[in-house]
Each structure stands twice: as structure tokens, then as C-alpha cells.
Amino acid sequence: MSPIDDVPRNFRSTVDGESGSNPPGSPFPLGATVLPTGTQFAVHAPEADGVEVCLIDAQGGERRIELTTRTFGVRHAFVPGVRAGDRYGFRAHGTWDPHSGRRFNGAKLLLDPSARQVTGRFGDPSALLAYEDDPFGAPSSRDSLGHLPLGVVRAPLAHSDRPARPGVPWDRTVLYELHVGSFTARNPGVPQHLRGTYLGLAQPAVLEHLARIGVTSVELLPVQTTFTEPGVRARGMRNHWGYSTGAYFAPDPRFAAVPGDEVTEFRTMVDALHEVGIEVILDVVYNHTCESSVDGPSISWRGLDAPGYYLLDGRGSDVDLTGCGNTLDSASPAVVRMVCDSLRYWVDELGVDGFRFDLASTLGRPGGWRFDPRAPLLTAISVDPVLSRVKLIAEPWDATGAGYQVGNFGVTFSEWNDRYRDTIRRFWAGHHGVRELASRLAGSEDLFAGGGRLPWASINFVTAHDGFTARDLVSYERKHNEANGEQNRDGTDNNSSVNHGTEGPTEDSSMLEARGRHVRALLATLTLSTGTPMLLAGDEMGHTQAGNNNAYCVPQDAPAADSWAIDWEGADQNMIRFVGRLLRVRASAPTLRQQEFFTGRATPTGRPDLVWFDSAGTEFDTDRWNDDSVRTIQAWVDGSDVRSYASDGGQVDDASSLLILHSGGPAEITLACPSWSSSQFVPVLDSANVDGVPSNTVALEAGSTVSVTGSTVLVFRSAGR
């Protein structure tokens, strides 16, 4: 059969009843492509009997034009006179056979999966249901026009005069996870009309803060257009985080200072960050869509090709590996093409520098079966000439046990390391000893060394959007998620958190001191461990969510300032200075951010590259490693053979570093004194102090004893090698 054929004539129509066909145009690119005399439309719908593009005027009137040509399963046509700014959707006609997954219903207007811009709001949610009463019963005859956001035809974007990408090497990368709205919504240094927007993030006051603390790369929570899930809407809430994608190519209009200008404003934000050397990483959600399960709405993909986009079982129901009702089929050519086209668009056209893939294990489970790092979608991303050159970060799990795949992704991906998070939290909460802690501090070689990966493949974090903030981690022993409207059932109960004597806020100075000391120890460990650190925005300011560890939703009409916004005016200035010092120490000490794993190899000085000591300054033996009562560990990192490299390719020279972690009460610690060392140690960091500056910076001889008053991270630099 030829890849090109005609659709049945009975589906060809125009608003005035005239018939005829338009020039076929091309099946690629998908979406709406503006040409000199009109616009080409193309949409994937291989099993539809007919597809119409529906042009919607300012009064809501609809003009339907049939896409009369089908090539490789894509319906396409050129429509003269259609210009940038015109609004449109699709209607797909065909078989209604829910048990096979085919849910064509011409009464439902559908959003273009490739729309570059989206406008409008949802109306009656029942109008979006393709079925009458039962998802496997009769189709609905109710028209959804007027109840669904529409695509907007976009003109090509200009590419001139944009700043160069920062191109930050992985070993120098410091990630900073933030929510575009919450981050600036209460920042007095940002003009009122720009707070909570893309342009707000581009303001000097914000850029100066990021530069002050030493961030190299912002990781934005989802900014692809989000539609709140039906169940959340029914509770009078809206999706705040954005993990419910409705359009994979369109910047979310909720962050636009001027509605309709979101594409331009997003690019302006990227350019402003690039100007000061900061990369932009996007959190993207290619594991599921906003359409929920089969009893959910038909907004886009389900009405065009449900069997081609989604994992379905033998009865036509969605297979749910994500906990969100549906799962995109990562083995489907339609999904592989959509995801790669989307990613390239954000890189080439909008300028982003990388991606963090939400629930990324689903992208490597073809057909929903076992994980394979060489699965079609992961392979396509890894070998793409554009995508393989940007930062790729996997969240290496999904909602199932089989999806937990930390350490198992391919060499081009870094991964969120929850083993790091849990180990560091437990150590500073006093729950275990130092055996696994050493592995996490040294880059998690046990997880990431296979297949030629390097230490920066471990994305180290102790807090993230999903969970407690750092302040709440030391202020609450249990979650307090009542505001979400789910009777506190949502969110994890496994937090390794402590409250230091009182649940929640307190004015007790001793408790506040203990909490601050705990946070500083957590953040110092994070930033000084081998691997790639990721900070949660606001942790350096003392941000709290009042014990909510799943702040994914807010009341429907809540302004940005009341949507988990960071309190800049009440920020902990000491903590800001402390984090800035931490990241300066990291930046100035290549020994702490090496690009190869430690092997115990002999260095040019004849000493090993890494040696571990206990509180007495004695090398760990098997008994000490297995003693969970041990609360102190010292790491000596030799500086004579640092496996870090300058921009010209030359190997970096550095002093040796001594890192000490002590979790517990007052103690005497003997500085590591190996027989082959005659070095002096210069104090450069003491997390017991609010600004991290050591009380005494006089160099100490190896074997000296230092006194600590409680949980502390100390960093010394060798006066020699």
C-alpha cells in the first residue's frame, strides 16, 4: 500500500459548505508551520478515518478544514491565509472501539501535541470526556469547543544576537532546583508585575543572588504547559509543581508577565541567565500526560492515537507505571519522535542546556516490561547529535518496584542519587555509622562506576521539591500535608527527619541553634562530596513549607505569593553567607570534585589518593567500618595527582584536603596523622559557626587535637602537599 492515500470524502468540509482540497504540504515538521502565504498543518493520527484542523476566531466561531493527505500515518495539508496568532485545534474521526484503545470522537476538539503556544482555560470538565457514562460504553456527542485551551500558530523564532551557552563542565556544576513562580513571587528586588514570572527570574536582584552563592545551573520545575488533573481540580486546587503536561513544546503561560508573550519571555530569561554564566536545565515529564486514565478527559493524544501514544493492556485500559493514571509507550515510534522533537526544540529554539527526566525509568521499559538502558527512547536521546551534547539527568525510578534503577542508566546520563540523600540524612540524624557514608562522600562508585561512568554521574542531594525543605527536615518528625486536601495520606512517611525537641516553629534559642547547626552540616556534606551537588532553592534562606513534604498543589485561585513562595525579606542572611562560602571552598578545591573515582592508587608523593581515618587519627580497619556507633570520619584526599582538568586540557594542581564529619556531642578529634605525612593543616571551614568561617585559621600540625562542641563538618587544606 502506498504511504499516501485519500481520506473518505464525507469528512471534507469547510465552514461555508464549500468542498475541495488544499495543497498537501509536507508531513514534517509536525504541528503548525508558518509559510509565506499560509500555514502547513500536520498531525500524527495513523488510524483516523479523517482529521480536520479547526480554526477558531475571536468570537469562538469555528472553521473546519480537512487534512486530506496521509503520509506515514501523518495527516497534513497547507491552508492558505492562516497566519501567526491564529488559534486552532484538531478533530479526529474514526472508529469508537474503547476495548482496542481506539477512542475517535469528532465531537471533541483536540489540542495539537506539537503546539508551540497554548491559550485559554478549561471549562466544564465533563465536556472533555469522550464517553457518555462509561469509558467503555457509548461515545459522547457533546462538543468540547469552548471548554479546552487552543493551540496558537507561531511564527519562526529569530536566532541572531543570543549570548553563548555557558557550557559548564560537569565537575564544576552546581545545580539549583527552583520553581519559577515560587522563587521570585515575594522578592522585593523584582518589580511587582514581574514577580513569579520568567522575566522575574531574569532580574538583576535574582541573578546577583545566584551568582553570590555560586550556582552554575538552575534546574527549573516543569515549565512545559501544565493542565491540572481532574481529581485535583475537583478539590478546588491546582497543580503547582507542573508534573501534568498538556503541551510538550509550549512554555507554560502561567509564568508569563504578559499573557501570550510566554515564548519570548522564556527566551529572554534564558539569555539573561546565560549572560551571567548560568545554565538552564528543564525538568521534563515524558512518562505520562495530563489525560489521566481511560476515565479521564480526551484533550489531545488519546483522541488522536491512544494505542500509539500510551501503554494499554489487552482490554484497552491504561497501564499505570507512573502513579498518574497513564504511561507513555517509550517503544512507540510516535512517542520517540515526539519526545526527541520536543527536546530539540527546547535546545535549538529556546536555548536550554539540558534536561532532568521525571520518572525516567519508564522511558527505558519498552512495553512496560523490564528496564533496558538501550531501550528505543533512551537510545534515541543518547545518540541524537543535538541532545547528546547537553546535560541529561535521570530520575531513576517510577511508581513500581521494578522501576527502581539507580545506577543502571547509560553513560550519557547522570542520575538523581536517593541513596546519597538517605545516607546523609540518616548519618546527621544519628541513625547509623560511617560505612555507607564513605561510599557516598567519595562519589558512589558502587553505583555509578560501571560502563565507564564518572563521579559526576551521581547527582547528590539531601532535599528536593518532593519532600521536606532543609529547615523542615530539622523541625518536623512527621509530615503535615493537610493543606493538600488528601487527609495527610499523600507524601512519604520515610523522611529521616528530627525536630530537636519541638514539632514545628519554636522561639527556644537552643533548639534554633541545634537546627541551624544540623542544616549547615547537611549542606556542607552535600556541597563537599564528590559528585554533582543539587541544592533546593530556598534552603540557603531558611525556607519552610510548614512541614508539608508534598507541596504539589495550592488552592485554585491562590496568587503566586501565596503558593509556597520563598520569603526573601525574612531570609536567613547567615545561611546565605554560609552556602556562598561552601561553594567557594568547593570551587577552589579540585580535590573535592574530581572527574575520576578514587582507586587507592599511589600518587607522585607515594601516598594513596584517598585514605579514611577515625576520630583518633587512625586508619579505619574492618571492625571500625562495621561499628555503627562510630560517629566521626576523616577523609584525606591527596592533592599531588588530582584527576581534574583545566579548560585547556591540562591537569589541575592542588593542595591536599582533609574533610572531617562528626555527628554527635562534644568530642576531641585527632587530625589524621599518617606516618608518611609531615603536612600542616590550614582550617578553611567550620560548619559549627553560622558563617562557616573557622574561629582560628592558624595552621595545625598533623596529629594535633581539635575540640568540637557538637555535630560539625570541618575542612582543612594542606599547607604543602
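Only heavy atoms go into these numbers, but all of them, side chains included; no hydrogens, no water, no symmetry mates.
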Quick one, V218 and I281 - any side-chain contact, counting heavy atoms below 4.5 Å? no
Mind checking whether T39 and V53 have side chains closer than 4.5 Å, heavy atoms only? no
Considering the options Y286, Y248, F90, which one meets the ring pair (Phe, Tyr, Trp, His ring centres under 6.0 Å) requirement together with W301? Y248
Please confirm whether Y131 and F136 have ring centers closer than 6.0 angstrom. no
When you measure from the side chain of R87 to the backbone N and O of D57, does any donor-acceptor pair fall under 3.5 Å? yes
Okay, side chain of W241, backbone of H179: is any donor-acceptor separation there less than 3.5 Å? no
With the side chain counted from C-beta on, respond yes when E229 and C290 share a heavy-atom pair under 4.5 Å apart, and no when they do not. no
As a quick check of understanding, evaluate salt bridge (charged side-chain N to carboxylate O under 4.0 Å, His left out) for R91 and E62, giving each step before the final call. CA-CA 12 Å; R91 294 184 188 270; E62 178 182 14; 2.8 Å; yes
With a 3.5 Å cut-off and no angle check, do the side chains of R315 and S317 form a donor-acceptor pair? no
Taking it one step at a time, do Y552 and Y243 satisfy ring pair (Phe, Tyr, Trp, His ring centres under 6.0 Å)? CA-CA 9 Å; Y552 77 97; Y243 293 95; 9.9 Å; no
Dump the intermediate steps for side chain to side chain contact (heavy atoms under 4.5 Å, CB included) on H147 and S126, then the final yes or no. CA-CA 9 Å; H147 300 279; S126 65; over 6 Å; no
Quick one: does any side-chain atom of T245 pair with a main-chain N or O of A247 as donor and acceptor, under 3.5 Å? no
Near-ring test F41/H76, centroid separation under 6.0 angstrom: no
Side chain to side chain donor-acceptor pair (under 3.5 Å) with R365: of N287, D398, D372, only one passes, and it is D398
Sub-6.0 Å ring centroid separation between F72 and H44: no
As a test of understanding, state which of F249, F355, F266 forms a ring pair (Phe, Tyr, Trp, His ring centres under 6.0 Å) with W346. F266
How about S342 and Q224: do any of their side-chain heavy atoms sit closer than 4.5 Å? yes
To check you understand the geometry: which heavy-atom pair defines the closest contact between P373 and G410, and what is its length? CB-N, 4.1 Å
For S361 and W397, indicate whether the former's side chain and the latter's backbone hold a donor-acceptor pair under 3.5 Å. yes
Around atom CZ of R370, are there more than 12 heavy atoms from other residues, nucleotides or ligands closer than 6.0 Å? no
Is there a donor-acceptor pair closer than 3.5 Å between any side-chain N or O of E265 and the backbone N or O of A257? yes
For the residue pair S300 and D112, establish whether any side-chain heavy-atom pair is separated by less than 4.5 Å. no
Please evaluate residues N481 and Q487 with respect to the criterion side chain to side chain contact (heavy atoms under 4.5 Å, CB included), reporting the C-alpha separation (whole Å), side-chain torsions for both, the decisive distance (0.1 Å), and the verdict. CA-CA 8 Å; N481 298 355; Q487 291 76 51; over 6 Å; no
Verify side chain to side chain donor-acceptor pair (under 3.5 Å) between T268 and D271, making sure each step is shown before the conclusion. CA-CA 5 Å; T268 299; D271 290 350; 5.8 Å; no
Taking only Lys NZ, Arg NE, NH1 and NH2, and the carboxylate oxygens of Asp or Glu, determine whether K391 and D353 approach each other closer than 4.0 Å. no
For residues F357 and W416, establish whether the separation of their ring centroids is below 6.0 Å. no
Salt bridge check, R142 against D124: does any charged N sit closer than 4.0 Å to a carboxylate O? yes
Checking the side chain of D86 only, and the main-chain atoms of R83 only, is there a donor and an acceptor separated by less than 3.5 Å? yes
Trace of the side chain to side chain contact (heavy atoms under 4.5 Å, CB included) decision for L178 with L220: CA-CA 5 Å; L178 66 83; L220 308 182; 3.4 Å; yes
Just do the side chain to side chain donor-acceptor pair (under 3.5 Å) check on N548 and N484 with the steps written out, would you? CA-CA 9 Å; N548 193 314; N484 298 349; 3.1 Å; yes
Whether the side chain of S144 engages the backbone of L109 through a donor-acceptor N/O pair (distance < 3.5 Å, no angle test) should be reported. yes
Is any side-chain heavy atom of L67 closer than 4.5 Å to one of E52? no
Verify side chain to side chain contact (heavy atoms under 4.5 Å, CB included) between Y198 and V263, making sure each step is shown before the conclusion. CA-CA 10 Å; Y198 299 121; V263 177; over 6 Å; no
Check: V294 and R103 side chains under 4.5 Å, non-hydrogen atoms: yes
Should D318 and R302 count as an ion pair when the cut-off is N to O under 4.0 Å? yes
